[in-house]
Amino acid sequence: MMVLSEPRAMAKHIEPGMRVALPVDYAGVSMAMTRPIIEHGAGDLDLVCVPTGGLQVDQLVGAGLVRTVETSAVSLGEAGGAPRFNAAVKEGAVRLKDATCPAIHAGLMAAQKGSPFMPLRGLIGTDLLRHRGDWRVVDNPLADGSDPIVLIPAIKPDVTIFHVPMADRFGNVWIGRRRELAAMAYASRTVLVTVERIVEENLLADEMSAAGVLPALYVTAVARAPKGAWPYGLWGEYPPDSAEIARYAKAARTADGFSAYMAQAQMEPA
Amino acid sequence: MAEVLPREVLICTIARLLDGVRHVAVGASSPIPAAGAMLLRAMKEAGGAVGPRISILGSVEHNFFTNGSAELFDCAGQGRIDAFFLGGGQIDGFGNVNLVGAGDYPRSSVRWPGSFGSAYLYFVVPRVILFREEHTPRVFVEKVDFISAPGVSPEGVFRSGGPIALLTGKGLFRFDKTRPGFELESVHPGHDLAEIKQATGFRFAHDAEPRQTALPDRATLDLLRGRVFDELAETYPEFAAQMRRDLGAVDA
């Protein structure tokens, strides 16, 4: 049953050592959850970026909460490299599970179907594959001749966290065409969602909205967090605040600069 | 002949390399490849033909996927994407691409964002164009430090795609997967073979006197400076404005 919650209470679902899935910067990142997660302080997290990471990943790494990062890329987009992530890589402070976008999607798809793995083309001959002990090459059993193919094990996050425009009071969540959010939710045990607003009407009652809904069945808790993706943008709602992302990129070049940025009075969305 | 900006030469070269594709995908921050694809579409439509479908990742107006960020890759796996662009922190003479970092993995001395979709798309998109404006020995190396995506695959490995060309700020190379290796096809105006040799860390085949990269004709330039820059401004306003400022400076 969905619980109407608030970000600080939702952060308590995260326990040390959990595997946490986070969406790509344009799909709906719950930046509103970042500080509550850091305040809550559960560490040794294994992050899964679906399929790439940015600001939120950099801040969780900078706060020292992250053990491994499974991702196809981490960057701040136009603002450049992710400074705390890059520093942690250089120091060997986080373990990397470098991937490629469709491999992350394939792992979630396997979990969605309750299958142990999903085969994926490509990858053979890459150093990604060479460094991934959990990916296996098998011979396609359905081919006539030899046909090597990579198996990607199911990715089953403990927690998925994202931000979308709205939920209804029954816990149904509007994800529009950002279907990767559904894939993450299907694969995860716990799903925490922040929203711009909570609406009265049942989103499943109208066929037009129902097609873009993640049903409450998959949703653990919802919290209202206006401008909750800021400084990222939210599709259909508001654009990214690139000046603020650039300000962070500059500040977080050093560990001290990062701490000072994060210690500022609660950031108020512009 | 009107003066042609170096980036206009790149855009027009990309349009030529894309000729014949039905569907081209362009990465989120790739205004020059996007402009090349839009130019090809404008040229086809001006000639009464159907232009290519263009998917720009991260754009709302130029993105018709409804199945999340997985759909691009599914689409490519189904053979529905004919062309794509890849850059790279390092690219070597075998067409290997490194998007992960320089130095010893995993503690790279310089870490780049990561491989994105390259380890898949390079295998399944028939016409991958390697594009990197910076043409220096630190980018074009003898051997990459990390293979995000390999230029060629051994016999027996499923491979319906791969690199066909490498376009840089100095010249255009064709990729020959049988050798495998690059061959210098043409040199952009203002550059020469000696300079390109010095700026390239890998060996490549070339004619004794390579020809100059073809320049666009008046009609193509008009389309580019009109319709294409207008369309481009929707997704890359800063880039389109800069191109128009640069053109203004040339005219003045």
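Numbered from 1 within each chain, the chains take letters A, B, ... in sequence-line order.
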Asks: Within the 4.5 Å heavy-atom criterion, are S69(B) and P51(A) side-chain neighbours or not?
Replies: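 When only atoms from C-beta onward are counted, P51(A) and S69(B) do touch, with a gap below 4.5 Å.
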Asks: Check whether A70(B) gets within reach of chain A through its side chain, its backbone, both or neither, counting any heavy atom under 4.5 Å.
Replies: both
Asks: Just checking R138(B): does its CZ atom have more than 12 heavy atoms from other residues, nucleotides or ligands closer to it than 6.0 angstrom?
Replies: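 Counting other residues, nucleotides and ligands, CZ of R138(B) stays at 12 neighbours or fewer.
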Asks: May I ask you to test the Y26(A)-L57(B) pair for a side-chain heavy-atom distance under 4.5 Å?
Replies: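 No, their side chains stay 4.5 Å or more apart.
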Asks: Between S118(B) and chain A, which part of the residue has a heavy atom less than 4.5 Å away: side chain, backbone, both or neither?
Replies: backbone
Asks: If you round to the nearest 0.5 Å, how far is OG of S72(A) from OH of Y120(B)?
Replies: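 Here the rounded value is 13.5 Å.
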Asks: Crowded around R227(B) CZ? As in, over 12 foreign heavy atoms under 6.0 Å?
Replies: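 Counting other residues, nucleotides and ligands, CZ of R227(B) exceeds 12 neighbours.
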Asks: Does a side-chain heavy-atom distance below 4.5 Å link D74(B) with M109(A)?
Replies: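 They are not in contact (no side-chain heavy atoms under 4.5 Å apart), so the answer is no.
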Asks: Checking heavy atoms, do the side chain of A106(A), its backbone, both or neither come under 4.5 Å from chain B?
Replies: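 For A106(A), no heavy atom lies under 4.5 Å from chain B.
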Asks: Can you list the steps and then say if F158(B) with N140(A) is a side chain to side chain contact (heavy atoms under 4.5 Å, CB included)?
Replies: CA-CA 11 Å; F158(B) 183 89; N140(A) 170 7; over 6 Å; no
Asks: Would a 4.5 Å heavy-atom cut-off, applied to side chains only, mark T126(A) and S148(B) as touching?
Replies: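 SC-SC contact between T126(A) and S148(B) ruled out.
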Asks: Taking all heavy atoms of T66(B) and all of R179(A), pick out the closest pair and write down the distance.
Replies: O-CG, 3.3 Å
Asks: Find the one option among G77(B), P113(B), S153(B) whose heavy-atom pairs under 4.5 Å with chain A are most numerous.
Replies: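 The answer is P113(B).
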Asks: Which heavy atom of D145(B) sits nearest to which heavy atom of D127(A), and what is that distance?
Replies: O-OD2, 4.4 Å
Asks: Looking at K90(A), is its backbone amide N or carbonyl O close enough to the side chain of R107(B) to form a donor-acceptor pair, meaning the two atoms are under 3.5 Å apart?
Replies: yes
Asks: Apply the test side chain to side chain contact (heavy atoms under 4.5 Å, CB included) to residues R111(B) and L96(A): give CA-CA distance (whole Å), side-chain angles for both, the deciding distance (0.1 Å), then the verdict.
Replies: CA-CA 12 Å; R111(B) 169 79 198 194; L96(A) 287 171; 3.4 Å; yes
Asks: Which atom pair, heavy atoms only, marks the closest approach of F116(B) to T100(A)?
Replies: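 F116(B) and T100(A) have their closest heavy atoms at O-OG1, 2.6 Å.
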Asks: By a 4.5 Å heavy-atom criterion (distance strictly below it), what part of S146(A) contacts chain B: side chain, backbone, both, or neither?
Replies: backbone
Asks: Identify the heavy atoms of G156(B) and P148(A) that sit nearest to each other, and give their distance.
Replies: O-CD, 3.4 Å
Asks: Answer with side chain, backbone, both or neither: which region of V97(B) has an atom nearer than 4.5 Å to a non-hydrogen atom of chain A?
Replies: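 Contact with chain A involves no heavy atom of V97(B) at all.
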Asks: Can you list the steps and then say if L128(A) with F146(B) is a side chain to side chain contact (heavy atoms under 4.5 Å, CB included)?
Replies: CA-CA 8 Å; L128(A) 297 172; F146(B) 185 99; 3.8 Å; yes
Asks: Counting only heavy atoms not in R179(B) (residues, nucleotides, ligands), do more than 12 fall under 6.0 Å from its CZ?
Replies: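 More than 12 heavy atoms, drawn from other residues, nucleotides or ligands, come within 6.0 Å of this atom.
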Asks: When rounded to the nearest 0.5 angstrom, what is the spacing between CG in L121(B) and CZ in R121(A)?
Replies: 15.0 Å
Asks: Check each atom of Y122(B) against the heavy atoms of chain A and say whether the ones under 4.5 Å are side chain, backbone, both or neither.
Replies: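 Neither the backbone nor the side chain of Y122(B) comes within 4.5 Å of chain A.
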